[in-house]
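One-based numbering, in listed order, for ligands and for the atoms of each.
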Amino acid sequence: MSGVITLIKDDHAKLESVFKKLEGAEPSEIRGLLQQVQELLVPHSEAEEQVVYPAIKSTVPDEKEDVDDGLAEHQHVAATLEKLLGSDPEAPGVDGLIAAMIGEVRHHVEEEEQEILPAFSEAASNQQLGELGEQFTAAKERALAQLRG
Ligand SMILES: [Fe+2]
Ligand SMILES: [Fe+2]
């Protein structure tokens with residue numbers, strides 16, 4: 001376990017700690033926490049799409065379908081986050097939408113960590129995982145800069 005796999009799991013753990021805060025948040029804290037989720041999640045997802053998912057598809061063709069599902073989940077979660085950030089945190093339905101988004105991301109993370117990444121890590125060389133780690137970090141930084149405008 002090295003390189004890009006570790007970086008991805010570290011991001012997932014950071015995200016989970018913000019989810020825990022979000023689940024116990026006061027209404028006044030929700031917007032700031034949702035912004036933290038967006039800044040962690042959107043660049044992470046974009047870097048996976050640009051750097052990691054294509055490498056997995058070519059190295060482990062059996063995982064192609066799971067990777068495509070993952071891509072659709074990224075898009076759905078990013079759209080939900082946009083919607084939430086445009087809503088009044090105390091508006092009806094917001095609580096439920098936050099809970100649904102957290103559930104969707106947890107399911108997605110579990111699939112990456114339990115299925116997609118182990119299959120990839122078995123098939124890839126340490127050198128490939130290391131190089132992808134550097135590319136993943138660079139892609140994430142570019143995406144974060146773009147997100148912040
Ligand atoms: Fe991920
Ligand atoms: Fe992902």
Side-chain angles (χ1 to χ4, degrees), residues 1-25 29-87 94-149:
M1 204 61 77
S2 68
V4 71
I5 311 269
T6 307
L7 295 173
I8 289 175
K9 288 188 171 179
D10 285 352
D11 284 351
H12 292 166
K14 282 183 201 148
L15 200 55
E16 179 56 33
S17 82
V18 183
F19 285 163
K20 291 255 159 57
K21 288 184 199 161
L22 200 49
E23 285 175 325
E29 301 168 322
I30 288 178
R31 177 170 300 275
L33 289 167
L34 285 172
Q35 266 158 359
Q36 285 182 39
V37 170
Q38 191 184 39
E39 292 210 344
L40 282 170
L41 186 60
V42 171
H44 172 91
S45 301
E46 286 179 11
E48 283 181 344
E49 289 168 23
Q50 286 169 19
V51 172
V52 186
Y53 284 3
I56 296 177
K57 279 189 185 183
S58 63
T59 312
V60 202
D62 279 357
E63 288 299 319
K64 189 178 177 303
E65 224 169 288
D66 283 341
V67 168
D68 287 338
D69 287 349
L71 197 76
E73 287 160 8
H74 285 177
Q75 286 164 355
H76 188 248
V77 168
T80 305
L81 265 172
E82 281 287 326
K83 187 172 169 190
L84 282 169
L85 283 164
S87 308
V94 164
D95 277 3
L97 196 55
I98 290 174
M101 178 203 64
I102 292 175
E104 192 177 354
V105 175
R106 282 181 176 148
H107 160 84
H108 175 81
V109 162
E110 194 180 304
E111 215 152 70
E112 284 184 352
E113 293 198 1
Q114 306 298 325
E115 296 181 24
I116 300 175
L117 296 175
F120 181 50
S121 139
E122 215 167 283
S125 68
N126 278 340
Q127 190 191 342
Q128 188 185 13
L129 295 174
E131 284 168 6
L132 285 173
E134 286 173 24
Q135 292 169 26
F136 176 77
T137 299
K140 227 171 61 175
E141 281 167 7
R142 281 195 302 272
L144 181 62
Q146 205 175 17
L147 183 67
R148 287 179 170 166

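- Taking every heavy atom of both residues into account, Phe19 and Met101 meet most closely at CE2-CE, 4.2 Å.
- Counting only distances under 2.8 Å, and ignoring water, the protein N, O or S atoms around the Fe ion (ligand 2) are Glu48 OE1, His74 NE2, His108 NE2, Glu112 OE2.
- Glu73 is listed as a side-chain neighbour of Glu111, based on a closest heavy-atom distance under 4.5 Å.
- Side-chain N or O atoms of Arg31 include one that pairs as donor or acceptor with a backbone N or O of Ser87 at under 3.5 Å.
- Partners of Asp68 by salt bridge (Lys or Arg N to Asp or Glu O under 4.0 Å), not counting sequence neighbours, listed by chain and number: Lys57, Lys64.
- Ring pair His74/Tyr53 is parallel by interplanar angle, where below 30° counts as parallel and above 60° as perpendicular.
- Between Lys9 and Glu112 there is no salt bridge, since none of the side-chain N atoms of the basic residue sits less than 4.0 Å from a carboxylate O of the acidic one.
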